[in-house]
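Note that the structure is predicted; figures quoted are calculated from it, not measured. The figures here come from the full heavy-atom set of this structure, side chains too, leaving out hydrogens, waters and symmetry mates.
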Amino acid sequence: MSKLLYRGVSYDTANHEQPAATPVEHAYRGQHFEAPLRHEAAAVDTAVDLKYRGHHYHHRRAEAEAQVNQG
């Protein structure tokens with residue numbers, strides 16, 4: 001597996017270290033979990049309205065793809 005999609009932008013994972021699929025114990029905001037760090041990517045849904053701290057973000061596929069693949 002070397003090509004993935006994030007919100008419609010493809011990127012190559014060959015240059016990235018891959019997390020293990022074995023479960024590890026970790027804590028997030030005081031809750032303990034035991035789960036693998038590696039998981040399958042969620043399906044892309046461009047209809048989702050992205051909001052962060054009151055600002056709306058629009059999907060800009062070409063712009064994001066250029067940033068991700070710059071290397």
Side-chain angles (χ1 to χ4, degrees):
M1 168 165 66
S2 64
K3 286 282 187 180
L4 293 176
L5 280 176
Y6 178 74
R7 298 201 179 276
V9 177
S10 65
Y11 62 95
D12 187 10
T13 60
N15 299 332
H16 301 284
E17 182 179 345
Q18 297 297 316
T22 57
V24 294
E25 186 178 336
H26 58 282
Y28 178 71
R29 295 189 175 184
Q31 293 188 353
H32 290 273
F33 299 92
E34 187 170 337
L37 297 177
R38 181 181 212 156
H39 56 85
E40 293 301 317
V44 175
D45 185 0
T46 56
V48 173
D49 185 24
L50 303 174
K51 295 181 211 167
Y52 179 70
R53 294 189 177 181
H55 297 315
H56 287 268
Y57 292 87
H58 303 285
H59 298 279
R60 295 184 301 243
R61 180 179 180 164
E63 192 177 314
E65 190 170 308
Q67 289 176 352
V68 168
N69 293 324
Q70 275 182 341

**Item:** Leu50 CG to His55 NE2 distance, which is reported to the nearest 0.5 Å
**Value:** 14.0 Å
**Fill in**
Pro36 and Ala21 have their tightest heavy-atom pair at CB-O, 3.2 Å
**Item:** Qualifying residues under ring-ring contact (aromatic ring centres under 6.0 Å, His included), relative to Phe33, sequence neighbours excluded
**Value:** His26
**Item:** Least distance between heavy atoms, Tyr11 atom then Leu5 atom
**Value:** CE2-C, 4.1 Å
